[in-house]
Amino acid sequence: PLRRQRQMCIRDRSSTIRLGNKVTYQELPDGLTETYKIVGSAEANPFEFKISNESPVAQALLGKEVGDVAKVSLPTGPEDSMDIKILAVE
């Protein structure tokens with residue numbers, strides 16, 4: 001039983017979005033799907049689909065899991081935001 005619990009904990013931790021994960025999400029309500037890898041700011045390059053862990057999208061995603069909906073703050077104003085649904089984490 002202890003071994004099984006340990007395996008479940010390891011599996012649970014791997015489903016939580018962290019630095020280094022590749023995340024596929026869907027913008028709501030328009031349905032646009034995007035995939036990005038969350039990296040440190042020195043590695044960030046949107047042309048290579050790598051976003052900084054300090055970006056608004058990454059900040060909204062970190063700590064979430066597949067199926068969660070995250071709210072991303074937009075630079076257009078404090079009341080503007082976008083919802084994204086997490087579809088996959090690698």
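Note that the coordinates shown come from a computational prediction; the quantities given were computed from them, not determined experimentally. Note that these values count all heavy atoms, side chains included, but never hydrogens, waters or copies made by symmetry.
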>> D83: which residues meet the salt bridge (Lys or Arg N to Asp or Glu O under 4.0 Å) condition with it, sequence neighbours left out?
In response: K71

>> Please enumerate all residues that pass side chain to side chain donor-acceptor pair (under 3.5 Å) together with S81, with sequence neighbours excluded.
In response: none

> At their closest point, which heavy atom of E90 faces which heavy atom of N21, and how far apart are they?
Replying inline: O-ND2, 2.9 Å

>> With a 4.5 Å cut-off on side-chain heavy atoms, are V89 and L61 touching?
In response: no

> V23 and V39: same hydrophobic cluster, using ILVMFWY side-chain contacts below 4.5 Å?
Replying inline: no

>> List the residues meeting side chain to side chain contact (heavy atoms under 4.5 Å, CB included) with L19, not counting sequence neighbours, and say none if there are none.
In response: I38, N53

> Got a sec, which pairs hit ring pair (Phe, Tyr, Trp, His ring centres under 6.0 Å) with one end in residues 67-90, sequence neighbours left out?
Replying inline: none

> Which residues satisfy the side chain to side chain donor-acceptor pair (under 3.5 Å) test with K22, sequence neighbours excluded?
Replying inline: none

>> For P56 versus S73, what's the shortest heavy-atom pair and its separation?
In response: CB-O, 3.5 Å

>> Listing request: all ring pair (Phe, Tyr, Trp, His ring centres under 6.0 Å) pairs with a residue in residues 37-66, at least two apart in sequence or in separate chains.
In response: Y36-F49

> For L87 and V66, which heavy atoms make the closest approach, and how far apart are they?
Replying inline: O-CG1, 3.5 Å

> Of all heavy-atom pairs between T16 and E65, which one has the smallest distance, and what is that distance?
Replying inline: OG1-OE2, 3.2 Å

>> Return the NZ to CD1 distance between K37 and I51, rounded to the nearest 0.5 Å.
In response: 12.0 Å

> Can you pull the ring pair (Phe, Tyr, Trp, His ring centres under 6.0 Å) pairs that have at least one residue in residues 54-90, sequence neighbours excluded?
Replying inline: none

> Do you know which two heavy atoms are closest between A70 and A60, and how far apart they sit?
Replying inline: CB-O, 3.4 Å

> Quick one: ring pair (Phe, Tyr, Trp, His ring centres under 6.0 Å) pairs with a partner in residues 58-90, sequence neighbours left out?
Replying inline: none

Contacts table for residues 25-32: side-chain donor-acceptor under 3.5 angstrom, sequence neighbours left out:
from	atom 1	to	atom 2	distance (Å)
D30	OD1	L32	N	3.3

> Who are the salt bridge (Lys or Arg N to Asp or Glu O under 4.0 Å) partners of E48, not counting sequence neighbours?
Replying inline: K50

> What is the minimum heavy-atom distance between S41 and E54, and which atoms define it?
Replying inline: OG-OE2, 4.1 Å

> By side chain to side chain donor-acceptor pair (under 3.5 Å), which residues pair with T24, not counting sequence neighbours?
Replying inline: T35

